[in-house]
Amino acid sequence: MAVSKRSCGQEASPSKALRRDWAYGIRLFVVPLGSATASRRMIWDREIKAAGGCLADSPWSATHMLLSPEVTPVRLGTWAEKLLEARGRPAANDPVTSVRILSKSLQATWLCTDWLIACLAKQCRVLEEKFKCCLDASTETLDHEDRDCHFIADGPAVAKPQKTEGSSPALPASATASPARTEAESDDSDVEEVLPKLRVFGGEMTPKRANLLRNREKFACQRGGQDPPKTSGSSPPKSRNEKLVSMFSRLQQHYESLGDGWRERSYRLTASILRGLPFEVTSEEDLDRSELRRLGKKTRDKLKEFLNTGSIGRVDGLHMDEHAKALAELQGIWGVGLTTARRWLGSGCRTVTDVRSQVQDGTLRLSADQLIGLQFFEEFAQRIPRIEVDEIIQVVQAAVSRRFGNRLRMEACGSFRRGKASCGDVDLLLCARSAKDELALGSTHDVLSSLVADLHGQGFITHDLKGGNQSHRRPGGHVGQDVNDGEEQQSSTAATYFGVCQLARVGSLHRRIDIKVYPVLEFPFALLSFTGSGPFNRSMRLYARRAGFSLSDHSICRAAHARGNGRGERIWTGPPIAAMQFASERDIFEFLGLAYREPWQREVDASWLAETGTDKQAAKQATAATTGLAADVSSQASSPPAKAEREALGWKDEDEVQSLSD
DNA sequence: CGGCGGTACTG
DNA sequence: CAGTACC
DNA sequence: GCCG
């Protein structure tokens, strides 16, 4: 768990080109020789685009030429000659000279393919220096063209030059949380601009919504722009409050394994706040600093206790740690949750090993899913390097193309789409390319099962987990069953599959793979949803809810809490909102009045501040001379419209809004 | 004191 | 319905 | 856990 976290590369380029945008401005041409096979080029193509760069159509428009290390001078020379001829330029008689001529007429930097591989592994722009090709290969290599090549400056060692990972001073980037927005923050158009959209889609600008909009920066799903999704431990803020952070993390983990998600969330937030603190907590006065605004009484008491006694009773008292640890381990088995873990623990299973032996004995009976989870416990715990995810995608894509031609589009979602260097599993979303294709393809379930069958057949998928066949739910048959007056939708025509796959290669591990097929109209919602992150989704959905909608992986609906007394049951309903209008993720953000967030900006850490809708806090903050981060952000965001303007828009005043807002 | 995300499958 | 899962 |  405490894995990954990688320092990003180096490269003194403008801060913007760091991380997820690392390929910004790069036009890459891959020399089609040697190990730069077509399929690898396809993978690279997707990756480079995802990172903000692109592939060049020809060497002549490239900024970077990528060359496989094993290509010999002669082969390269031959290729260069052809290229020159095709351009009507004179080529030299000998290959090496041709290469020189070519390289001089190009604007590009020549790099070894290992450079790209290193970039992909680290998800940042690795220093190019060590990967430069030496095109002035001495003539003698010519005579021995079967020698292992060599255009590469550092020879074979070049492959992993970056072992230093931890130490390389990766441009601190905005690691030091530059408080304000960063460039891409297209930022706040005023609420006013959002208004027409809402109207168009059937929403009204109620005062409550207006207030919500003005405070939207408080939601985690709007805190993008900054991104240091962690990064290295090297230089950044050596946590000042290490001891406290670890104590609250323990509490968080404790409640996590106990299944108290709310306390878990709370402690996670506390730990996160403390970790990001620009000062060390040493006295009770520190507790009044604005950064700690969000901490409640209980937590403050714990902090005080720590200041006074150097420890926190509640934390020390986590004798249970044993218990919690065992629970956590058992819950690590796919298909085992809190209840099962407790049950097993009660019957003497403390570890996975215990479970295995009891299964052998026949003392313990597991479900099919749990057996698979148990079998691959260790393998599933391994992160999947991004490069391998790419390969897995290729395999599935090949099957998709084979069976469905070009009618289906496929997107890899999850942490992969968010640009992480490694992923816990592979999450693929499929959808017809057009309504017409959708018709031709037939039901999503059929599409999915025939795809899965194919992958099974080639031995790629090795095991099935609960395979979502909701097919009996509504495939036509009896319609009269449920009271589905008026509302049409809810024939959730999406199909989902969970399984296990393995690349056909020697040491490859079994990996978790999810495949989903969604109807065209729901695609943007599914994409948004399955790209996550989890906390990001929750935040965005909470926001939507506060605005009076319910956002899901299928659509967005009007939502009305059956409030008041009695039961808040039968929660909401309402027709999904003109699904036709949502053609992309962007449309959903726009509809809600939220600023778009690129996938890599959705890596929300636990610190979704407050998200407590509207409030007087905003007003307070504006006046109080606070220096806190949150205050900075929100004050900018909420430059309230002038009174006249408000009236013009038909908004109520702040105070009224308060009362209305709940 | 109630809310804290929304959905879907298995059994 | 409870349990588990997905992001 | 914290918030309204």
Side-chain angles (χ1 to χ4, degrees), chain A residues 220-221 248 251-252 254-256 259-271 293-302 314 331 333-343 367-370 373 413-418 423-425 427 429 465-473 490 492 494-498 512-516 522 525-546 549-557 559 561 563-565 567-568 571-572 599 602-604 608-617 658-659 661-662:
Chain A
C221 62
F248 283 100
L251 283 166
Q252 175 230 313
H254 177 76
Y255 284 111
E256 178 176 11
D260 187 338
W262 305 123
R263 279 182 181 77
E264 178 201 343
R265 195 183 79 164
S266 241
Y267 283 122
R268 187 194 301 279
L269 174 61
T270 301
R293 215 177 330 119
R294 152 88 207 228
L295 302 189
K297 178 162 191 319
K298 302 275 196 66
T299 301
R300 282 164 196 280
D301 287 347
K302 290 184 179 67
R314 182 75 187 79
Q331 289 180 86
I333 301 171
W334 203 91
V336 175
L338 180 61
T339 306
T340 309
R342 274 188 185 138
R343 193 161 60 232
S367 72
D369 288 351
Q370 289 166 341
C413 303
S415 48
F416 179 85
R417 184 157 182 257
R418 296 199 306 273
C423 307
D425 65 3
D427 193 349
L429 177 61
L465 294 167
K466 62 171 161 215
N469 293 340
Q470 53 167 196
S471 32
H472 35 266
R473 178 76 189 106
Q490 96 177 309
S492 196
T496 302
Y497 172 81
F498 293 143
R512 280 275 301 104
I513 185 171
D514 300 348
I515 307 177
K516 303 164 173 109
E522 297 181 359
F525 295 95
L527 186 60
L528 178 65
S529 185
F530 299 125
T531 297
S533 63
F536 178 91
N537 285 350
R538 293 170 70 162
S539 170
M540 192 159 166
R541 287 167 184 198
L542 180 61
Y543 179 92
R545 159 87 43 141
R546 294 257 162 90
F549 300 97
S550 174
L551 175 64
S552 78
D553 56 331
H554 299 291
S555 65
I556 188 165
C557 302
H561 263 289
R563 64 180 15 275
N565 54 45
R567 290 21 180 70
I571 344 195
W572 54 82
R602 305 179 198 167
E603 202 66 42
V604 166
W608 48 357
L609 294 201
E611 298 198 325
T612 60
T614 61
D615 50 359
K616 31 176 97 187
Q617 271 189 2
Q658 294 290 333
S659 52
S661 63
D662 217 319

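Residue numbering restarts at 1 for every chain, and letters A, B, ... go by the order of the sequence lines.
Across all strands shown, Arg342(A) has no heavy atoms under 4.0 Å from either base or sugar-phosphate atoms. Backbone-only contact: Asp553(A) has heavy atoms under 4.0 Å from sugar-phosphate atoms and none from a base. Across all strands shown, Lys516(A) has no heavy atoms under 4.0 Å from either base or sugar-phosphate atoms. Residue contacts shown for Tyr255(A) are limited to sugar-phosphate atoms, with no base heavy atom under 4.0 Å away. Residue-level contact check: Leu528(A) touches neither bases nor backbone, having no heavy atom under 4.0 Å from any strand. Heavy atoms of Thr531(A) sit under 4.0 angstrom from primed sugar atoms or phosphate atoms, though from no base atom. Among the protein residues, Leu429(A) comes within range of no part of the nucleic acid, since none of its heavy atoms lies under 4.0 Å from any strand.
Between Tyr267(A) and Tyr255(A), the angle of the ring planes stays under 30°, which puts this pair in the parallel group of the 30/60° scheme.
Applying the ring pair (Phe, Tyr, Trp, His ring centres under 6.0 Å) rule to Phe536(A) yields no partners; only residues at least two apart in sequence or on another chain are considered.
For Ser552(A), whose side chain is taken as the heavy atoms from C-beta onward, the closest listed nucleotide among dG1(D), dC7(C), dG6(B) is dG6(B). Among the nucleotides dT7(B), dC2(D), dC7(C), the one closest to the side chain of Thr299(A) is dC2(D). The side chain of Arg538(A) sits closest to dG5(B) out of dC6(C), dA5(C), dG5(B). Nearest to the side chain of Asp427(A), among dC4(B), dT4(C), dC7(C), sits dC7(C). Nearest to the side chain of Arg545(A), among dG1(D), dG5(B), dC9(B), sits dG5(B).
Between the NZ atom of Lys297(A) and the P atom of dG1(D) there is a distance of 11 Å, rounded to whole Å. Note: OH (Tyr267(A)) to P (dG1(D)) measures 3 Å, nearest angstrom. One interatomic measurement links the two molecules: CZ of Phe549(A) to P of dG6(B), which rounds to 13 Å at whole-angstrom precision. Leu542(A) places its CG atom 14 Å from the P atom of dC3(D), with the value rounded to the nearest Å. Rounded to whole Å, atom C1' of dG6(B) lies 16 Å from atom CZ of Arg546(A). Going from atom CG of Leu551(A) over to atom P of dC6(C) covers 20 Å, rounded to whole Å. Arg541(A) has its CZ atom 14 Å from the P atom of dC4(B), to the nearest Å. Between the CZ atom of Arg417(A) and the P atom of dC7(C) there is a distance of 14 Å, given to the nearest Å.
The cationic group of Lys516(A) does not satisfy the cation-pi geometry with Tyr497(A), failing either the under 6.0 Å distance to the six-membered ring centre or the 45° limit from the ring axis.
Each of Gly534(A) and Asp369(A) has a nearest nucleotide on DNA chain B; the 5'-most of these lies closest to Gly534(A). Each of Trp262(A) and Ala368(A) was assigned the nucleotide of DNA chain B with the nearest heavy atom; the assignment lying further toward the 5' end belongs to Trp262(A).
Remark: the separation of the C1' atoms in dC2(D) and dG6(B) is 22 Å, to the nearest Å.
Contact record, Arg300(A) with Arg293(A): NH2-O, 3.6 Å, taken as the closest heavy-atom pair.
The side chain of Arg602(A) contributes no N or O atom lying less than 4.0 Å from OP1 or OP2 of dC7(C). At the phosphate of dG3(C), OP1 or OP2 sits under 4.0 Å from a side-chain N or O atom of Thr339(A). Regarding contacts with the backbone of dT4(C), a side-chain N or O of Thr340(A) is found under 4.0 angstrom from either OP1 or OP2. For Trp334(A) and dC6(C), the shortest distance from a side-chain N or O to OP1 or OP2 is below 4.0 Å. For the OP1/OP2 pair of dC6(C) and a distance below 4.0 Å, the side-chain nitrogens and oxygens of Lys466(A) include no atom meeting the criterion.
Phe416(A) places none of its side-chain heavy atoms less than 4.5 Å from the side chain of Asp427(A). The side-chain heavy atoms of Phe248(A) and Arg268(A), taken from C-beta on, include no pair separated by under 4.5 Å.
Panel note: side chain Thr531(A), backbone Leu527(A); a donor-acceptor pair is recorded below 3.5 Å.
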